[in-house]
Amino acid sequence: MSMTIITVEEPKQAAQHVMEILKEQQDKGKLNVLGLATGSTMIPIYETLVNSDLSFEKVTAFNLDEYVGLDDRNKNSYAFFMQAHLFSKKKFKHTYIPNGVAEKLEEECVLYEKLLSEFPLDVQLLGIGENGHIAFNEPGTSFDSVTHVETLTDSTLGANSTMFDNDEPIPATALTMGISSVLAAKKIILIALGERKRFALERLLEGTVTVDYPVTALMGHGDVTVITDIKNLAE
Ligand code: GLP
């Protein structure tokens, strides 16, 4: 395992680091396929990317996950989030997000995984759930998992409902890339901002690999950069 930890003072600095890493990868010709994440953590990151001179015109993007039942016109969908924060402002070659309103969800998962195998991820941006989930892989998910339908835990439903901006109830299920789909990325950048992520991040740094904390699967990856503003992390 090779893990680099970058400690920053504030979210904008984290965003700056992400931008610089992506630039470096692009200069090396290693940014053809980029994995993207959603959530509040990503908002300052995308803002910085939008205001940078980075071009994504030759980049194909894959998002990690999507709520079941929400389409791209629904303000709470990840498709809407990506459009609002990044895709409407930066041109990409192509963008893929799992289709949460697909008639046959299992088939959608198989299709998404097939696309991922055709376009291997060069870099994957990752956030982290308070319970240690990555993408929507909740505690207990097999590290061998590929794109699948996941039932969300109460912890995730509680944390993510704060991002829902109307009375619509948060869906109980989501489509998500699996842990092995995420680990297939050549390079992973995990961004953990704010004290509420301390517990989950410390589970990773502690080094015990367990399905109880999906983020610990990253221990099995050869190129992980963690960017965090959390100080005095216990290892
Ligand atoms: C959701 C996403 C995760 C993300 C997490 C963190 O659960 N599926 O990919 O890491 O939110 O969200 P936030 O950045 O809002 O804390």
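All heavy atoms count here, side chains included; hydrogens, waters and symmetry mates do not. Atoms within a ligand are numbered from 1 in the order they appear, just like the ligands themselves.
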Any nitrogen or oxygen of [X], main chain or side chain, under 3.5 Å from a nitrogen or oxygen of ligand 1?
{"X": "Asn160", "value": "yes"}
{"X": "Ala135", "value": "yes"}
{"X": "Thr38", "value": "no"}
{"X": "Ile128", "value": "yes"}

Reported CG-to-NZ distance for the pair Asn51 and Lys90, which is rounded to 0.5 angstrom: 8.5 Å
Ligand-side contact atoms (ligand 1) for residue partner [X], heavy atom cut-off under 4.0 Å:
{"X": "Lys197", "value": "6 (C), 13 (P), 14 (O), 16 (O)"}
{"X": "Thr41", "value": "13 (P), 14 (O), 16 (O)"}
{"X": "Asp65", "value": "2 (C), 8 (N), 9 (O)"}
{"X": "Gly127", "value": "10 (O)"}
{"X": "Arg196", "value": "13 (P), 15 (O), 16 (O)"}

Check Lys91 with Glu57, please: is the shortest side-chain N to carboxylate O separation under 4.0 Å? no
If the threshold is 4.0 Å, N to carboxylate O, is there a salt bridge linking Asp212 and Arg203? no
What part of Ala37, side chain, backbone, both or neither, has a heavy atom within less than 4.0 angstrom of ligand 1? neither
With a 4.0 Å heavy-atom cut-off (strictly under), which part of Tyr78 contacts ligand 1: side chain, backbone, both or neither? side chain
Assess whether atom CD of Glu118 is packed by more than 12 heavy atoms of other residues, nucleotides or ligands within 6.0 Å. yes
Take atom NZ in Lys104; do more than 12 heavy atoms of anything else shown fall under 6.0 Å from it? no
Would you check if the distance from the ring center of Phe87 to the ring center of Phe80 is below 6.0 Å? no
How far is atom 12 (O) of ligand 1 from its nearest protein heavy atom, and which residue and atom is that? Gly39 CA, 3.9 Å
To which protein heavy atom is atom 13 (P) of ligand 1 closest, and what is the distance rounded to 0.1 Å? Ser40 OG, 3.4 Å
Is His133 near ligand 1, meaning one of its heavy atoms is under 4.0 Å from it? yes
Given Tyr112 and Tyr96, is the ring-ring contact (aromatic ring centres under 6.0 Å, His included) satisfied, shown in steps? CA-CA 8 Å; Tyr112 205 72; Tyr96 293 101; 7.0 Å; no
Give a yes or no on whether the backbone of Ile21 and the side-chain of Gln26 come within a donor-acceptor separation of less than 3.5 Å. no
Do you see a donor-acceptor pair shorter than 3.5 Å between the side chains of Glu150 and Thr176? no
